[in-house]
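Note that this is a predicted model, so its numbers are computed, not measured. Throughout, protein chains are lettered first and strands after them, A, B, ... in sequence-line order, and every chain is numbered starting at 1.
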2 protein chains.
Amino acid sequence: MADELVRDFLLGFIKLHILYHAKQEPVFGQEFKNELKRHGYDISFGTLYPIFHKLQRNGYLKVEQKNVRGKIRKYYSITRKGTNALERSKAKAKELFDELFMTE
Amino acid sequence: MADELVRDFLLGFIKLHILYHAKQEPVFGQEFKNELKRHGYDISFGTLYPIFHKLQRNGYLKVEQKNVRGKIRKYYSITRKGTNALERSKAKAKELFDELFMTE
DNA sequence: TATGTCGTTATCGGGAAGCGATAATATGAA
DNA sequence: TTCATATTATCGCTTCCCGATAACGACATA
């Protein structure tokens with residue numbers, strides 16, 4: 001119902017969100033999914049992984065495999081290109097959000 | 001490139017944006033598209049109209065035809081259901097935006 | 001060696017969404 | 001009647017979403 005609107009918002013927002021986190025510290029899929037869920041948002045791996053892959057393919061993220069307790073994780077961290085994209089997009093997104101929404 | 005990120009954001013945001021505007025005053029497609037463009041965002045009718053239709057189909061918008069200088073316009077205005085959805089979604093969207101993004 | 005376990009990542013297939021291109025509509029003007 | 005124009009509608013292709021399912025890789029156990 002109305003939650004569809006919030007979900008759309010989240011989905012449109014998620015790449016920025018990922019880049020933002022990957023800028024703070026390396027992030028891997030499972031953890032990211034869990035953190036979203038803690039905040040009440042459930043995004044399937046069928047959605048999440050292709051997004052990570054695309055961000056990497058486009059040069060916004062770089063990946064490094066690590067073996068943690070016998071399990072392989074792919075830690076994604078932001079690249080310079082990703083940082084630039086994030087900063088510029090962030091500014092525009094905020095502008096959009098404020099200008100067209102919080103003007104009341 | 002990086003604009004893809006902003007575009008995704010806009011697309012996820014657009015239903016809320018439409019509802020917000022339709023709450024201020026009745027809105028029609030052409031005008032809405034032009035206003036977006038003035039702000040630098042180009043969204044095709046092939047994207048826009050189906051969104052209007054869906055919002056109407058789901059009861060968030062109601063439509064009224066008007067003849068303006070010999071041309072037919074479909075003015076969309078928000079319903080009570082749409083208002084409720086907007087308010088609740090807006091709160092959550094702001095929460096998401098702030099909490100997960102502007103925390104630096 | 002072989003098998004099992006488990007956290008994690010990867011992919012498939014069907015349905016929905018995005019979008020450029022094109023058509024349809026309705027009215028007033030010529 | 002025909003034309004021009006503003007506006008809305010739809011088609012077909014591509015891409016995206018996402019639940020379900022598979023695959024992987026290292027360690028443990030025997």
Side-chain angles (χ1 to χ4, degrees), chain A residues 1 3-18 21-22 26-38 40-58 60-77, chain B residues 1 3-19 21-22 25-38 40-58 60-77:
Chain A
M1 292 275 225
D3 297 333
E4 176 208 344
L5 301 178
V6 179
R7 183 169 194 82
D8 284 352
F9 183 78
L10 174 64
L11 279 176
F13 188 54
I14 193 117
K15 287 178 187 165
L16 291 179
H17 185 187
I18 289 172
H21 273 269
V27 166
F28 65 99
Q30 193 82 244
E31 169 194 60
F32 187 80
K33 184 177 192 294
N34 288 342
E35 200 206 308
L36 273 183
K37 191 148 197 180
R38 249 179 277 122
Y41 301 100
D42 213 342
I43 289 202
S44 105
F45 285 126
T47 303
L48 205 53
Y49 281 124
I51 291 174
F52 272 97
H53 298 164
K54 193 179 180 191
L55 286 173
Q56 183 196 353
R57 203 165 58 242
N58 293 152
Y60 297 131
L61 292 179
K62 56 178 183 271
V63 67
E64 186 187 4
Q65 291 203 25
K66 274 189 184 166
N67 181 332
V68 179
R69 286 191 303 282
K71 303 298 175 296
I72 287 206
R73 290 183 186 168
K74 295 198 170 172
Y75 279 100
Y76 291 90
S77 49
Chain B
M1 290 276 223
D3 297 332
E4 175 207 346
L5 302 177
V6 179
R7 182 171 194 83
D8 284 353
F9 182 79
L10 175 65
L11 279 175
F13 188 54
I14 192 114
K15 287 178 188 164
L16 291 178
H17 186 186
I18 289 173
L19 289 179
H21 272 270
E25 60 189 343
V27 166
F28 65 101
Q30 192 81 244
E31 168 194 58
F32 186 79
K33 184 177 193 292
N34 289 341
E35 201 206 307
L36 274 184
K37 191 147 198 181
R38 247 179 278 121
Y41 302 101
D42 213 342
I43 289 202
S44 104
F45 285 126
T47 303
L48 205 52
Y49 282 123
I51 291 175
F52 272 98
H53 298 164
K54 192 178 179 192
L55 286 173
Q56 183 196 354
R57 204 165 59 243
N58 293 151
Y60 298 131
L61 292 179
K62 57 178 182 271
V63 67
E64 187 187 3
Q65 291 204 23
K66 273 189 185 166
N67 180 332
V68 179
R69 286 192 302 282
K71 304 295 176 299
I72 286 203
R73 290 182 186 168
K74 296 199 171 171
Y75 279 100
Y76 291 90
S77 49

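Partners of B:K37 by salt bridge (Lys or Arg N to Asp or Glu O under 4.0 Å), not counting sequence neighbours, listed by chain and number: B:D42. For the salt bridge (Lys or Arg N to Asp or Glu O under 4.0 Å) test, no residue two or more places apart in sequence or in another chain qualifies with A:K62. With sequence neighbours left out, the side-chain hydrogen bond (donor to acceptor under 3.5 Å, both in side chains) criterion links B:K71 to no other residue. B:R69 meets the side-chain contact (heavy atoms from CB on, under 4.5 Å) test with B:R73; sequence neighbours excluded. When the side-chain hydrogen bond (donor to acceptor under 3.5 Å, both in side chains) test is applied to A:K54, the partners found at least two apart in sequence or on another chain are B:E4. With sequence neighbours excluded, the residues forming a ring pair (Phe, Tyr, Trp, His ring centres under 6.0 Å) with A:Y76 are A:F52, listed by chain and number. Under the rule for a side-chain hydrogen bond (donor to acceptor under 3.5 Å, both in side chains), A:N58 has no partner lying at least two apart in sequence or in another chain. Judged as a side-chain contact (heavy atoms from CB on, under 4.5 Å), and not counting sequence neighbours, the contacts of B:I51 are B:I14, B:K15, B:I18, B:T47, B:L55.
Inter-axis angle, ends of the helix from C:dT1-D:dA30 to C:dA30-D:dT1, five pairs per end, rounded to 10 degrees: 20°.
The separation between A:R7 atom CZ and D:dC17 atom P is 10 Å, rounded to whole Å. Across the protein-nucleic acid pair, A:L10 atom CG and D:dC16 atom P stand 17 Å apart, rounded to whole Å.
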Could I get a table of every N or O pair under 3.5 Å where one atom is in the protein and the other is in nucleotides 9-15 of chain D?
from	atom 1	to	atom 2	distance (Å)
D:dA9	OP1	B:K74	NZ	2.4
D:dA9	OP2	B:H53	NE2	2.7

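Among the protein residues, B:L11 comes within range of the sugar-phosphate backbone only, with heavy atoms under 4.0 Å from sugar or phosphate atoms but none that close to a base.
The outermost nucleotides of DNA chain C lying under 4.0 Å from heavy atoms of chain A, listed 5' to 3', are C:dC6 to C:dT11.
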Annotated protein contacts, base or backbone, on nucleotides 23-30 of chain D with a non-hydrogen cut-off under 4.0 Å, one of B, S, - each: --BSS---
